[in-house]
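This report concerns only the one structure given below.
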Amino acid sequence: QVQLVASGGGLVQTGGSLRLSCAASGGTFSRYAMGWFRQAPGKERGFVAAISSSGGRTFYAEPVKGRFTISRDNAKNTVYLQMNTLKPEDTAVYYCAADLRYVSRSYLETRPYEYDYWGQGTQVTVSS
């Protein structure tokens with residue numbers, strides 16, 4: 001069983017920055033790919049970014065390319081999402097998720113239902 005705890009959300013003005021963290025426990029973190037997703041009110045949960053188990057590969061949704069950076073520290077069992085130049089449309093609950101099947105898949109998934117474990121979510125609000 002893998003537990004994920006996301007933190008770092010908050011209220012920020014347009015153009016500001018936030019850094020989200022997701023701490024994992026209960027599994028072998030260095031074997032999982034990790035992803036960040038977000039869900040705004042009335043919308044489906046959507047892909048934001050993913051990172052391979054080693055951290056050597058990353059993939060981003062188009063709306064966040066060049067503004068967000070996903071990274072991980074396997075020694076600390078933690079994945080991060082650095083969010084810069086935030087916009088009001090980035091307002092959402094952000095979730096981290098673990099893809100345990102990455103080791104056999106070897107590509108980064110963008111579909112939420114392919115992820116096995118989820119954190120509780122952290123609210124990000126960007127004011128205009």
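In this structure, Thr91 and Gln123 have side chains that are in contact, with non-hydrogen atoms separated by less than 4.5 Å. At a threshold of 4.5 Å between non-hydrogen side-chain atoms, the residues Asp116 and Val2 do not count as touching. Taking the side chain as every heavy atom from C-beta outward, Phe68 and Asp90 approach each other to under 4.5 Å. Counting heavy atoms from C-beta on, the side chains of Ser127 and Leu11 come closer than 4.5 Å. Contact check for Ser53 versus Tyr32: no side-chain heavy atoms found under the 4.5 Å cut-off. Asn77 has its side chain out of reach of Ser25: every pair of non-hydrogen atoms, C-beta onward, lies at least 4.5 Å apart.
In this structure, the side chain of Arg45 does not engage the main chain of Tyr95 through any donor-acceptor pair within 3.5 Å.
Aromatic rings from Tyr115 and Phe37 are positioned such that their centres are separated by under 6.0 Å.
Note that CD of Glu62 is 10.5 Å distant from CZ of Phe47, once rounded to the nearest 0.5 Å.
Both tests do not hold together for Arg57 against Tyr102: distance to the six-membered ring centre under 6.0 Å, angle to the ring axis within 45°.
Between Arg101 and Glu109 no salt bridge is recorded (no basic side-chain N to carboxylate O distance below 4.0 Å).
Counting non-hydrogen atoms of neighbouring residues, nucleotides and ligands closer than 6.0 angstrom, the NZ atom of Lys43 reaches no more than 12 such neighbours.
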Going through the checks in order, is the side chain to side chain contact (heavy atoms under 4.5 Å, CB included) test met by Val12 and Thr125? CA-CA 6 Å; Val12 65; Thr125 303; over 6 Å; no
